[in-house]
Amino acid sequence: MDTHAALYRQGQARLDMLRQLKSRDGQSLTSKMKEHGITRRDFMKWSASVTAMLALPLPFSTLVAEAAELADRVPLIWLHMAECTGCSESLIRTDTPNLDSLIFDHVSLEYHETLMAAAGWQAEENLEHAMEAYKGQYLLAVEGAVPTANNGAYLTVGCKGHTGLEIIKHAAEGAAAIISVGTCAAFGGVQAASPNPTGAKGIHEVVDKTVINLGGCPPSEKNIVGTLMYFIMFGKLPALDMFNRPKWAYGARVHDNCERRGRFDAGEFVEEFGDQGAKEGYCLYKVGCKGPYTYNNCPTERFNHHTSWPVLAGHGCMGCSEPNFWDDMADFEKPLGRQLLHGIDATADTVGAVILGATAVGIGAHAVTSIFAKPLEE
């Protein structure tokens with residue numbers, strides 16, 4: 001397709017530009033893979049899987065591979081606001097590093113409070129230097145909500161006592177792109193749950209730039225790394241849904257790809273945890289699963305090296321990638337009953353007949369719009 005050809009040329013031009021930049025890492029991705037026993041064949045299989053996940057044609061896998069190797073040319077500043085660090089844990093907590101964690105490690109990580117060795121004044125200087133030295137070039141990732149009540153006084157960071165609100169506004173000014181990693185950063189999360197005394201808000205509510213929201217508590221490592229790879233390859237935003245989530249990751253309902261969907265259609269439900277239906281893998285809707293109301297790729301990408309996800313483990317989806325999930329989706333072990341969410345209005349007994357279908361829409365289908373997308377700074 002002409003649109004795919006144009007997008008491929010755009011990616012090539014972007015990577016050619018990155019090749020002209022100085023490597024900040026000092027160690028090639030190839031050598032890092034060798035240290036961890038990851039072969040070139042493994043790497044190319046990973047590239048192909050990422051390409052498929054992004055809904056791009058297979059020839060783009062070469063671009064994905066080249067982008068991964070050039071990731072050390074992209075400065076990344078990762079800030080922590082009001083959060084539990086679970087989103088970082090989702091990506092890095094592994095005793096056997098895989099390619100996703102190695103790619104993240106290969107990116108030029110200029111600041112990350114959990115991972116860096118620096119502390120105190122040195123840490124402050126590192127952040128200030130990175131924002132100044134790479135102004136207009138760095139990718140800003142933010143984990144956690146921003147308290148705004150009392151001028152942000154409910155969160156201060158570092159020895160200078162700057163509020164999280166001050167830090168995020170300053171960092172956003174010089175960012176080439178901004179990613180909210182996790183539901184707290186995207187929509188406020190549990191910190192913003194009623195009555196929200198700290199005035200916690202998502203990043204997009206306190207900055208004047210477009211923000212990519214990676215909903216999930218936490219989001220999968222694939223969604224984090226896939227978004228990084230898209231920015232490295234094309235230098236711009238992917239196609240986004242109404243909540244600014246990448247459509248390749250959040251374009252389909254959890255319900256539509258769930259391994260228990262056949263049980264739902266057959267009317268086979270778990271009535272209470274531990275019953276015979278639970279043992280036989282029946283649908284969890286009647287014990288609170290929010291999969292019909294939630295958009296995410298959890299059933300297909302899963303967590304912990306693609307091992308499992310909540311529904312496979314026996315508990316219903318909590319809807320954690322949706323705005324205001326802590327309030328709107330509760331009680332988490334009871335069906336929503338008759339509520340209107342995203343145009344869905346049904347009871348537990350009739351939901352199968354009336355829930356609206358949804359088709360996963362990938363980046364590839366929206367390539368033509370992303371080619372001529374507005375600049376990131378707008």
Item to complete: Using the rule that two of Ile, Leu, Val, Met, Phe, Trp, Tyr join whenever any of their side-chain heavy atoms come within less than 4.5 Å, decide whether I168 and L214 are in one cluster.
Response: no
Discussion item. With a 4.5 Å cut-off on side-chain heavy-atom distances among I, L, V, M, F, W and Y, is there a chain of contacts connecting V181 to Y111?
Written reply: no
Discussion item. Would you call the rings of F269 and F264 parallel, tilted or perpendicular, taking 30° and 60° as the class edges?
Written reply: perpendicular
Worksheet item: Can a donor-acceptor pair be found between the side chains of S31 and S28 at a distance below 3.5 Å?
Response: yes
Worksheet entry | Neighbour count above 12 (heavy atom, 6.0 Å) for H170 NE2 | no
Worksheet item: Do we see a donor-acceptor contact under 3.5 Å between the side chains of Q27 and E35?
Response: yes
Discussion item. Checking N223 against N297: is there a side-chain donor and acceptor pair closer than 3.5 Å?
Written reply: yes
Worksheet entry | Parallel, tilted or perpendicular: rings of Y230 and F234 (30°, 60°) | tilted
Worksheet item: Closest approach of K32 and D105, non-hydrogen atoms and distance?
Response: NZ-OD2, 3.4 Å
Worksheet item: Would a distance-only check, ignoring hydrogens and angles, find a side-chain to backbone donor-acceptor pair under 3.5 Å from S321 to N296?
Response: no
Practice prompt. Taking all non-hydrogen atoms of both residues into account, name the closest pair between C320 and C217 and its distance.
Written response: SG-N, 3.2 Å
Worksheet entry | Backbone of A153 reached by a side-chain donor or acceptor of N150 within 3.5 Å | no
Discussion item. If I compare all heavy atoms of C289 with all of C317, which pair ends up nearest, and what's the gap?
Written reply: SG-N, 3.3 Å
Worksheet item: Is it the case that E259 and W309 place a side-chain donor and acceptor less than 3.5 Å from each other?
Response: yes
Discussion item. Using a strict threshold of under 4.0 Å (side-chain N to carboxylate O), is an ion pair present between E66 and R19?
Written reply: yes
Discussion item. Taking the basic N atoms (NZ, or NE/NH1/NH2) and the acidic carboxylate oxygens, is any pair closer than 4.0 Å for K160 and E125?
Written reply: no
Discussion item. Less than 3.5 Å apart, any donor N or O on the side chain of Y8 or T3 sitting next to an acceptor on the other?
Written reply: no
Worksheet entry | Output field: ring centroids H315/F273 closer than 6.0 Å | yes
Worksheet item: Does atom CD of E132 have more than 12 heavy-atom neighbours, drawn from other residues, nucleotides or ligands, at distances under 6.0 Å?
Response: no
Practice prompt. Consider only side-chain N and O atoms of N257 and T300, and report whether a donor and an acceptor are under 3.5 Å apart.
Written response: no
Fill in: NE2-CG distance between H305 and N98, expressed to the nearest 0.5 angstrom
3.5 Å
Item to complete: Of all the heavy-atom pairs spanning G120 and C159, show the shortest one and how long it is.
Response: C-SG, 3.8 Å
Fill in: Residues, nucleotides or ligands: over 12 heavy atoms within 6.0 Å of N151 CG
no
Discussion item. Quick one, V206 and L165 - any side-chain contact, counting heavy atoms below 4.5 Å?
Written reply: yes
Discussion item. Quick check: F332 with W326 (ring centres under 6.0 Å apart)?
Written reply: yes
Worksheet item: Between I77 and L109, is any pair of side-chain heavy atoms under 4.5 Å apart?
Response: no
Fill in: Donor-acceptor side-chain pairing of E124 and H162 below 3.5 angstrom
no
Worksheet item: Around atom NZ of K334, are there more than 12 heavy atoms of other residues, nucleotides or ligands at under 6.0 Å?
Response: no
Worksheet item: Have H255 and T294 got a donor and an acceptor in their side chains that come within less than 3.5 Å?
Response: no
Discussion item. Between W78 and Y138, is the ring pair (Phe, Tyr, Trp, His ring centres under 6.0 Å) condition met? List the steps.
Written reply: CA-CA 10 Å; W78 187 297; Y138 61 82; over 10 Å; no
Discussion item. Using side-chain heavy atoms (C-beta onward) and a distance below 4.5 Å, is E110 in contact with L76?
Written reply: no
Worksheet item: Can you find a pair of side-chain heavy atoms, one from K286 and one from V270, that are under 4.5 Å apart?
Response: no
Item to complete: Mark yes or no: R14 above the aromatic ring of F231, with NZ or CZ under 6.0 Å from the six-membered ring centre and no more than 45 degrees from the axis.
Response: yes
Practice prompt. Say whether S88 and E143, considering side chains only, have a donor N or O and an acceptor N or O under 3.5 Å apart.
Written response: yes
Worksheet item: Okay, side chain of D42, backbone of K45: is any donor-acceptor separation there less than 3.5 Å?
Response: no
Discussion item. Within the 4.5 Å heavy-atom criterion, are F104 and L115 side-chain neighbours or not?
Written reply: yes
